[in-house]
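All chains are named by letter (A, B, ...) in the order of the sequence lines, taking the proteins before the strands, and each is independently numbered beginning at 1. Just so we're clear, the structure is a prediction, and the values are computed from it rather than from any experiment.
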Amino acid sequence: MKKQKDNGKMIVAKLFSLTSFLILLPIAVIAQEHGEIRGRVRDAVNGEALPGANVQVQGTVLGGITDVEGNFLIKRVTPGIYTLRVSFVGYQTKSMSVRVKADSVTRGNFSLQATTLEIANVIVTASRQPEEIQNAVVSVSALTTSEALRRNPLRIDAALESIPGVNLVNENVNVRNSTGYTRGLGNRVLVLLDGVPVLTSDLGNMNWDILPVTDFERIEVIKGPSSALYGSFALGGVINIITKAPQPQGRFSIRTSLGVYDKPYEPEWRWTDRTLNFNRADLSYSRQFGKLGMRVSFGRHESTGDRQNKHFQRWNGTGKLTWTFGDASELSLFGAYARDRRGEFVEARRDNPYLVPLEFLPYRTFLDAYTFYAQYRRPLNGWLEMKWRASFVRQLTGNHYKVAGDFQPAQGPGADWQIHAQLDSSMSFAIGVEYHYDFAEQRDFGRHFANTISPYFQQIWQPRPNLRFTAGLRYDHYYLLPGPAQQTQFVDRVPVINLFPDGKEEQYVSPQLGASYELAAGTVLHSALGWGIRIPALGERFLQFDVPIRFAPNANIMTERSISFELGIRQRIGSAANLEVTAFSNHFRDLIEPVFVADATSFYATLVNIPRARVQGVEASGKFQLWQNRLGLDASATWTDPVIRKVNQVSAVPIRFQEGDLLSYRSRLIAYVSPSLNLGAISLQADYSFASKLLQEQVQLYKDDQRVAKHLLDLRLLHHWQGLTTQLAVRNVLRYSYTQVERNINELRNLTVGMMWEY
Amino acid sequence: MKFPISKPLLGLTLLLLLWGGCSYDHGIDPIPYRIKGTVIFDGVIPPWYVREARVAIAKRFPPENLATDLIYSDPLQFNRDTLRTEPDTLHYDLVVDPGTYPAVGVLWRKSGASWDIANILGIYGIDFTGGSLSPKQIVINDDHPIADSVNVFASWDLTKRDAIIEGDITFRGEWPQGTEGTEIVAIAFFPIIPKTQLDFLSVKALDINVPLFQKTPYHYRTAVGSGEYKFIALFWKGRKTSIFDIRTIGFYNCPNDPLRPKPLPVAPNETKSGIDFTVDFSTLPAGVNFKKDGADCQQ
């Protein structure tokens, strides 16, 4: 009873301090005497230091990263008894109890056991605070860089398809069939780079070239609505790409690959005698110089394409600087540039899926994209931490269809300010405000400005070690600025009509509740209920063009909303297996879908709202290591029922959806199996992915075209020798041809030779 | 450095080689059904305002929607060289689905305009100069997957737009409204008096710019080819009706016989004004029953 009263007094004291901080700026920090925790982290078998391991002081916001010698130092620790937790990818997490005294140094040394189940143990996206993946209340998957690089993807989006529940329809990423195919306009999965939103301000899509595959530490995928934390576009989920931190010991890496395409299986489809090929080179260097950390990378990627108008040349460069101040605060600066010059493959001819109709042959696209952010994290004391972020995303999408100018870059500055408080070991919360600004000016939709300001709150309460609750709430205030009713500033263009000359204001509240309960060691039950929103991107509201077909704006397009529920169970079986099964049900209102309308005199495309739709299903996944870790197996399957529940009976747009129809471009069943055989320095791997056939009602054009299920098999042979990994890979071994989007066939079989060397 | 080749790896390799010898499904197949032929243009040089011409295969006839009911070829690469002596002869080869195709023709499109069924250069099986119209249909099935020598004679003369006809259209009665109401009206110019559905293919020019629900007299001014027009009429189509239910609701008639179409000769570079007529919505749903015997106007 006395202990509970003491805890209660401590929490009240902390809340009072927090309130004082919030009211009185600058911060009033309560002066206390502090101690330090030092230690070393090593491999339990060979004793080698483990640089870059994450050390957390449980119940506080304090922590550190081990240096090149495996040493760590955590300062400004209030005297008391704490649990230190160390995690490192490829090793089992370990905890230790320590007592910290004022003005003294406490030591804590760790020896970690390697585990062959490569799982990122700690994630940050599910609740905006670091937590163990096993305890997350929502479904979350994490892909490590080593897992991704084994598959030698040429781009980050290709690496995503190995994540359970994630599939790509062309370049549109789907989490549990949330997005379908939007033809580059909008997305129902929010993509973040180190927590910074990076969807473009004009079309709301993602430029996957912005970061090379070698530059990310891990990718966290949150499935289900996360609008309570991240706002609009997080209707179907969130993908957070976490970049690598500078390496304490200095690291140089080079990754190259060369490949050639096979000829089409069908002789009548062979369209050229040239040898179609591709190549890629990425260089990176990372080093810690005392308090300054640095990471730079450059990459170039080139391909002839396996068909007409699929050729491209891409360059990218990234740079990251981190500075650790004496008070343990940290400043991170990041910049990325991507440049893409490519042919634009709109659709294939009917007689040959590798050729485009003559009128599409001249189409080209050029992209120039920048992303910058600055993040500052400052622990104010042992239980309070402040984060501040400013960012800028800019993308210029060039002239696809060779029409006369003007194309201006879309620009999206943003900022986020957050307080994270760890009141005690059982309760923490994050409170913050996010601001985002969108600007776009383009001949096909005019000049528009919009901003969103969003306060948010997330609380985690863990009354018992095996029981955890979360509650989150976010308020989004969106304002589309007024503008002239007609815009005439564009070259050789009829005036662009502004459908909202008086502007528009919208407000939304998105709550979320979740719980996880550890039934037994390694068995966790989790459940979440959340609301989601997606405010249409500027391009979705205003887009209008005539080439290659007419696209008409819909003045009545409304914001999408959702309510989602999921219930799942995770089971870890020692270091041999990790299993998860989740049932989910997502109910959508006013889902925005593109439609193609053919009336007596014309054929055009536009966007409509589907008043009610539902995507519910089951997802199962497993990771296994068997036969003394020689045999590995990753497998997942997601079955969904994506159904239209209600259509708009009175609509200005004649649409052909009917209640009971399946939503477009969403395969009911997607599955992924990846066995691997490890024999010392050599390993043999396979990836098989499947997606069920789309029905006629699920495509919008060319409904009579042949459609088949997706069966894709890739094989790889890898050899490791010291820091050098060489790889021989064959993609699409079966020479299988399928389409998910009309007249866009999958890639031809190709052979790749790759090398990655780290020094 | 050793490269161990273990028995399991060797076994797996052999398994892969054996499997590689098996046959299996490769997914999408090429479509075997095709319609092929030649378009033979006449010796006339294409007019400067012709943007492109394509072979069009009708899935249904008449087509209700030109974007979905027709299969188009790539743009035909006809010759605009004024010094050439041989007529253009261009081959086409289009993939189709099995079925019956009632008509194959060549359409042309003006710069800046969309496709128009009235802009016909030629139809397989039809000789425009003879005035008879019987397009030949094509049947594609597994027994006959390829139709070859589906040749079309195309005449650039049909693109001629060297004269103008203008006048006023007066509206009587109420425009059909609501969901059952008017979808489109168009002024059509015919060299013959159409007696059957197929005769509508002989249309020489079409003007779809008449505004719907117009109350006051509307002045039209349409570019046409020179020649004689025996039937100039306004056609109406309702929202929920098919293309077969197009109705004539007014036409240029003889002064002393309101049911008899009046012929109109137009010379090259001539503008014929005062070609007025009245539209009466009370004739719907049947439309105007005009005389089809082709006799001249009585004096």
- Note on the structure: Cut-off 4.5 Å, heavy atoms of chain B, and the answer for A/Gln706 is both

- Item | Between B/Tyr72 and B/Trp115, ring centroids under 6.0 Å | yes

- Report yes if the distance between the aromatic ring centroids of B/His26 and A/Tyr736 is under 6.0 Å, otherwise no. no

- Scan B/Asn141, B/Asp97, B/Asp142 and name whichever one has a side-chain hydrogen bond (donor to acceptor under 3.5 Å, both in side chains) with B/Tyr33. B/Asp142

- Query: At a heavy-atom separation under 4.5 Å, does B/Ile31 approach chain A through its side chain, its backbone, both, or neither?
  - Reply: side chain

- Message: Can you tell me which of B/Ile28, B/Asp29, B/Val95 forms the most heavy-atom pairs within a distance under 4.5 Å of chain A?
- Response: B/Ile28

- Query: Heavy-atom distance under 4.5 Å between the side chains of B/Thr100 and B/Ile138, does that happen here?
  - Reply: no

- chain B contact via A/Arg707 - side chain, backbone, both or neither, heavy atoms under 4.5 Å: neither

